[in-house]
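First the structure, in the form of structure tokens, and then the observations on it.
FYI, side chains are in, hydrogens and waters are out, and symmetry mates aren't considered; it's all heavy atoms of this structure.
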Amino acid sequence: MSDYNELGQELTNLLRLKILPVGVKLFEKVSDVPKDFEVTDTMVALCAVIGMSRYYEKPIATTKDTATGCAMGGVSLGFYGPPPSIADGTRNAGVWAENKEAAKKLIEKMNPIKTGKFEAVGFAPLNIMSVEPDIVQVWGTPVQVLALVYANSWDGSENIELSTSGHGASCYEALTVPYNTGRPRLAIADIGDHRFAYAADDEMIMG
């Protein structure tokens, strides 16, 4: 058992988590995905893949060609650039925002991973993950996550930030942002996480 496998089990036991922490691994090539990861072959939202890994407790991966169920996830990981209708706000006007201008700003505020750097991403419960993760996500109640915040500040580390538009919690705020900054990040599970990742009403995320 690797150190990360042990850490996953220890976090679950110490925090009394209902759902195991999830490791996230970004792959430059689809061929780099380990054989023990089930690779999706249909269109999915990234948060749905996270949900499947969390609840079915199995390694699962998706690629730039299948992570198209919600553009927020694919764009944030740099699988592809924003589709024109997303970039100019047309598609999300009246859905995510009041008008085209407001919807356009939602995308402009993002700092995605460089487009084309990665072709796939894998998720697995940390206690069984076969590769070293780039990011770890802990889904828990505010009290459980607060214990992690205290652990972070114990040695005088900088405060952990929570900044959100209400969109892209598990795919952007708790994944892309920590990857780009090297710093932990808090996120409030968004509507996609509740619909597709089985997030409970009292769950939030630390990435």
Side-chain angles (χ1 to χ4, degrees), residues 2-26 46-47 49-51 53-54 70 72-78 96-97 102 104-114 117-118 121-127 129 131-194 196-207:
S2 73
D3 291 343
Y4 283 100
N5 296 155
E6 292 180 2
L7 176 62
Q9 198 59 59
E10 287 182 5
L11 283 171
T12 302
N13 294 340
L14 290 170
L15 299 177
R16 299 182 180 179
L17 299 172
K18 293 180 180 179
I19 304 295
L20 297 163
V22 175
V24 184
K25 182 67 177 180
L26 293 156
L46 208 64
C47 53
V49 182
I50 298 173
S53 179
R54 293 177 64 217
C70 174
M72 175 69 78
V75 170
S76 68
L77 296 190
W96 282 11
K104 183 179 178 181
K105 288 180 180 179
L106 288 175
I107 299 299
E108 292 176 341
K109 291 176 184 177
M110 293 176 61
N111 178 29
I113 294 171
K114 183 180 178 181
K117 184 174 183 179
F118 298 109
V121 60
F123 304 93
L126 195 58
N127 67 327
M129 193 161 197
V131 291
E132 182 176 336
D134 295 308
I135 300 294
V136 172
Q137 291 188 349
V138 176
W139 295 59
T141 66
V143 172
Q144 289 168 327
V145 172
L146 182 61
L148 295 177
V149 175
Y150 286 144
N152 178 78
S153 61
W154 184 255
D155 63 357
S157 295
E158 296 179 11
N159 289 359
I160 297 177
E161 294 184 352
L162 193 164
S163 175
T164 182
S165 66
H167 302 286
S170 61
C171 63
Y172 180 68
E173 295 294 347
L175 199 170
T176 299
V177 173
Y179 179 83
N180 282 336
T181 65
R183 295 282 305 146
R185 184 80 159 202
L186 295 172
I188 300 170
D190 66 19
I191 193 64
D193 295 315
H194 288 286
F196 307 121
Y198 318 119
D201 289 348
D202 62 349
E203 275 188 311
M204 62 185 305
I205 317 164
M206 180 183 281

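- By the 4.5 Å heavy-atom criterion applied to side chains, Val138 and Leu11 are counted as neighbours.
- From Cys70, atom SG reaches atom CG of Leu46 across 8.5 Å, with rounding to the nearest 0.5 Å.
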Subject >> From CA spacing to verdict: side chain to side chain contact (heavy atoms under 4.5 Å, CB included), Gln144, Leu17 >> reply: CA-CA 8 Å; Gln144 289 168 327; Leu17 299 172; 3.8 Å; yes
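- Here the shortest heavy-atom pairing between Ala197 and Cys47 reads CB-O, 3.1 Å.
- Taking both residues in full, the closest heavy atoms of Ala174 and Ile205 are given as CB-CG2, 3.7 Å, listed atom of the first, atom of the second, then distance.
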**OP:** Begin with the C-alpha distance, continue with both residues' side-chain angles, and end with the deciding distance and a verdict on side chain to side chain contact (heavy atoms under 4.5 Å, CB included) for Val22 and Val136.
**Re:** CA-CA 6 Å; Val22 175; Val136 172; over 6 Å; no
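- Inter-residue side-chain proximity for Thr12 and Ile19 is flagged as unmet; no heavy-atom pair is nearer than 4.5 Å.
- Within the 3.5 Å criterion, the main-chain N or O of Glu6 finds no donor-acceptor partner in the side chain of Gln9.
- Ser53 places no side-chain N or O within 3.5 Å of a backbone atom of Ile50 that could act as its donor or acceptor partner.
- Within the 4.5 Å cutoff, side-chain heavy atoms of Leu26 are placed close to those of Leu77.
- With 3.5 Å as the limit, one finds a donor-acceptor pair spanning the side chains of Asp193 and Ser170.
- In Glu108, the CD atom is crowded: over 12 heavy atoms of neighbouring residues, nucleotides or ligands sit closer than 6.0 Å.
- In summary, the aromatic rings of Tyr172 and Tyr179 are positioned with their centroids too far apart to meet the 6.0 Å limit.
- The structure places CD of Glu173 at 9.5 Å from CD1 of Ile188, a figure rounded to the nearest 0.5 Å.
- Gly23 approaches Pro133 most closely through the heavy-atom pair CA-CB, 4.0 Å.
- The structure places CZ of Arg54 at 11.0 Å from NZ of Lys18, a figure rounded to the nearest 0.5 Å.
- In this structure, Arg183 and Glu158 approach most closely via the heavy-atom pair NH2-O, 2.9 Å.
- Rounded to the nearest 0.5 angstrom, Phe123 CZ and Gln137 CD are separated by 7.0 Å.
- At a threshold of 4.5 Å between non-hydrogen side-chain atoms, the residues Leu186 and Ile160 count as touching.
- Applying the 6.0 Å contact sphere to CZ of Arg16 captures no more than 12 heavy atoms from other residues, nucleotides or ligands.
- When every heavy atom of Gly166 is checked against every heavy atom of Asp190, the shortest pair comes out as O-CB, 3.1 Å.
- Put simply, the side chain of Ser153 never gets that close to the backbone of Asn159: no donor and acceptor are under 3.5 Å apart.
- Few gaps surround CG on Leu146; more than 12 heavy atoms of other groups in view lie less than 6.0 Å from it.
- By the 4.5 Å heavy-atom criterion applied to side chains, Leu126 and Leu20 are not counted as neighbours.
- With hydrogens and angles disregarded, no donor-acceptor distance shorter than 3.5 Å links the side chain of Asn152 to the backbone of Pro184.
- With hydrogens and angles ignored, the 3.5 Å screen pairs no side-chain donor or acceptor of Asp134 with any backbone N or O of Lys25.
- With respect to Glu161 and Arg185, a salt bridge is recorded, a charged nitrogen being found less than 4.0 Å from a carboxylate O.
- A donor-acceptor pair under 3.5 Å is formed between the side chain of Thr176 and the backbone N or O of Ser76.
- Rounded to the nearest 0.5 angstrom, Tyr4 OH and Met129 CE are separated by 10.0 Å.
- A donor-acceptor pair is defined here as one N or O able to donate and one able to accept, closer than 3.5 Å; no such pair exists between the side chain of Asn111 and the backbone of Val177.
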